[in-house]
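Throughout, a chain's letter reflects where its sequence line sits, starting with A, and its residues are numbered from 1.
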Amino acid sequence: MLKVQIKKLHKSFGPDEVLRGMDLDVQEGEVICLIGPSGSGKSTFLRCINSLEQPTSGTVVVDGDTITGKHANLDKIRENIGMVFQQFNLFPHLTVLKNITIAPIQCKKHSKAVAEAKARELLERVGLSQKWNVRPGSLSGGQQQRVAIARALAMDPKLMLFDEPTSALDPEMVGDVLNVMRELAQEGMTMIIVTHEMGFAREVADRVVFIDEGVIVEQGPPSEIFTNPQNRRTIAFLDKVL
Amino acid sequence: MNFFELLQESWPMFLRGLLMTLELAVVSLVIAMFVGLGSCLMNISRFRVLHWISQGYINIFRGTPLLVQAFFFYFGVPKAFGFTLNVFVAGVIALSLNAGAYLSEIFRSGIEAIPHGQMEAARSLGMPRRTAMLKIILPQAIRIVIPSVANQWIISLKDTSIISCIGLAELTMMGSQIVARTYMSFEVWICVGAFYFIIIYALSKLSKFLEKRLSLVKSADKEAS
Ligand SMILES: Nc1ncnc2c1ncn2[C@@H]1O[C@H](COP(=O)(O)OP(=O)(O)OP(=O)(O)O)[C@@H](O)[C@H]1O
Ligand SMILES: [Mg+2]
């Protein structure tokens, strides 16, 4: 089943056209890794999918909802799209538990008890059940990022977006976060991941999409992209990062 | 008459003045907080009209002296529209609108100090803008602005003495009246000054206490240990 359908997506910041017509279809349960040089538009592309950035033109359909539609209920559609940021963006004034329960309570009108039970389950899953009552500020980067993943999962999203989730982490923290993501992928979550972790992409991705200068240059299964890239720009990029 | 006779003889007047000053300050500042928050939310609103209304209000009240504002609301407005205004009410209007303008800018600076990622994270979870503002941004902004808000409270508290000029019998006005009767200018103004000082000292202690209580760093340590 088609989970995400992106057609002719363009995005300009003033005179700069950052996305220059991008098309992408994502099947249910598919894990997509977006790779590409800095400034190529990966983050912008990801942020257009949940409309944190409003596309200049083009359509984005997520789980049947056209988020680019004129009368789209953005808040409702976003409940189905979890997002994990490079800088975690946890809410520093709330405890870990409240970070996870606030959206289900505020947006889905879940009772406190139901939301908390679910939050504890999620914390268990990301290996942080002991930390429910501390503020994010007292956690390590890797722990914060796992809380951020739990926070997004608490809304039962149909799609998860990750924007370089491990780039701000100390190397020894990266593994824990990638493990959580790997498990999520195995459970069948549809995921779009911007990453510089080529090893992870090779192992977990169903499809690797290479973006350069606002267009999708090449895409395919990791075995093909990483071992036998066709496009000159893909080859040059992979030469640098591998 | 010596200093103690002065106190003995005049304490009811001092007390009345003090109470009036406190009443004026508390009522005005409570209103000013709401006015300031409302104006701030209008100021950062996506609706340009609301922004311009708020900006106009801020510019006018920061750009004119409080004394002129007090005269305007006590004499000017009632004259133009043919009614009379209670001097306390006029004082509250002038003081709360004046402080509200400053508080509006203080609140805005607090909101703008919150990293953009906080709003994005909240919105990405499906929170409407209003909920995100109320539950995520404002609680953090309030912690940041406590010292500046307390500072504005102190300024406004001192500014209550300006309201004596339209004839409100607050502490400064009472001081003048006691001086007129006793000619003990030196002692009376020391007393009046001491009263202001005590209130303001208490206020700054309260602000320090709140700042500590609500500090994110401190409470994180407390809960972690
Ligand atoms: N809000 C914005 N306003 C103006 N220009 C922007 C904005 N956001 C991004 N850009 C520009 O768009 C281009 C693409 O940025 P984007 O962040 O999407 O790249 P990226 O592929 O994610 O890069 P990186 O790997 O460094 O994160 C860059 O040239 C950037 O300067
Ligand atoms: Mg990026």
Colleague: With a sphere of 6.0 Å drawn around CZ of B:Arg130, does it hold more than 12 non-hydrogen atoms of other residues, nucleotides or ligands?
Modeller: no
Colleague: Pick one of side chain, backbone, both or neither for A:Arg47, based on which atoms fall under 4.5 Å of a heavy atom in chain B.
Modeller: side chain
Colleague: Please flag which part of B:Ala132 lies under 4.5 Å from any non-hydrogen atom of chain A: side chain, backbone, both or neither.
Modeller: neither
Colleague: Provide the closest heavy-atom pair for A:Asp75 versus B:Arg123 in the form atom of the first, atom of the second, distance.
Modeller: OD1-NH2, 3.2 Å
Colleague: For A:Glu79 versus B:Gly126, what's the shortest heavy-atom pair and its separation?
Modeller: CG-CA, 4.1 Å
Colleague: Where do B:Gln140 and A:Pro92 come nearest, in terms of heavy atoms and distance?
Modeller: OE1-CG, 3.1 Å
Colleague: Output yes when a side-chain donor or acceptor of A:His93 lies under 3.5 Å from a complementary backbone atom of B:Lys135, and no otherwise.
Modeller: yes
Colleague: Considering residues, nucleotides and ligands other than A:Lys11, do more than 12 of their heavy atoms fall under 6.0 Å from its NZ?
Modeller: yes
Colleague: So, for A:Phe91 and B:Ala121, which heavy atoms are closest and what is the spacing to 0.1 Å?
Modeller: CE2-CB, 4.0 Å
Colleague: Taking every non-hydrogen pair under 4.5 Å, which of A:Asn89, A:Ile77, A:Leu139 racks up the most with chain B?
Modeller: A:Asn89
Colleague: Heavy-atom pairs under 4.5 Å with chain B are the metric here; pick the option from A:Leu90, A:Asn80, A:Leu161 that has the most.
Modeller: A:Leu90
Colleague: Please flag which part of A:Leu52 lies under 4.5 Å from any non-hydrogen atom of chain B: side chain, backbone, both or neither.
Modeller: side chain
Colleague: Should we say atom CZ of B:Phe83 is surrounded by more than 12 heavy atoms from elsewhere, each under 6.0 Å from it?
Modeller: yes
Colleague: Do other residues, nucleotides or ligands put more than 12 heavy atoms under 6.0 Å from the CZ atom of B:Phe209?
Modeller: no
Colleague: Mark yes when over 12 heavy atoms from residues, nucleotides or ligands other than A:Lys108 sit less than 6.0 Å from its NZ; otherwise mark no.
Modeller: yes
Colleague: Can you name the one residue among B:Ile136, B:Thr131, B:Leu134 that meets side-chain contact (heavy atoms from CB on, under 4.5 Å) with A:Gln106?
Modeller: B:Thr131
Colleague: Does atom CD (B:Gln55) have a neighbourhood of more than 12 heavy atoms from anything else shown, all under 6.0 Å?
Modeller: yes
Colleague: Return yes when atom CD of A:Glu187 has more than 12 non-hydrogen atoms of other residues, nucleotides or ligands closer than 6.0 Å, and no otherwise.
Modeller: yes
Colleague: Decide if atom NZ of A:Lys131 counts as having more than 12 heavy atoms of other residues, nucleotides or ligands within a radius under 6.0 Å.
Modeller: no
Colleague: So how far is it from B:Leu125 CG to A:Asn99 CG, rounded to the nearest 0.5 Å?
Modeller: 9.5 Å
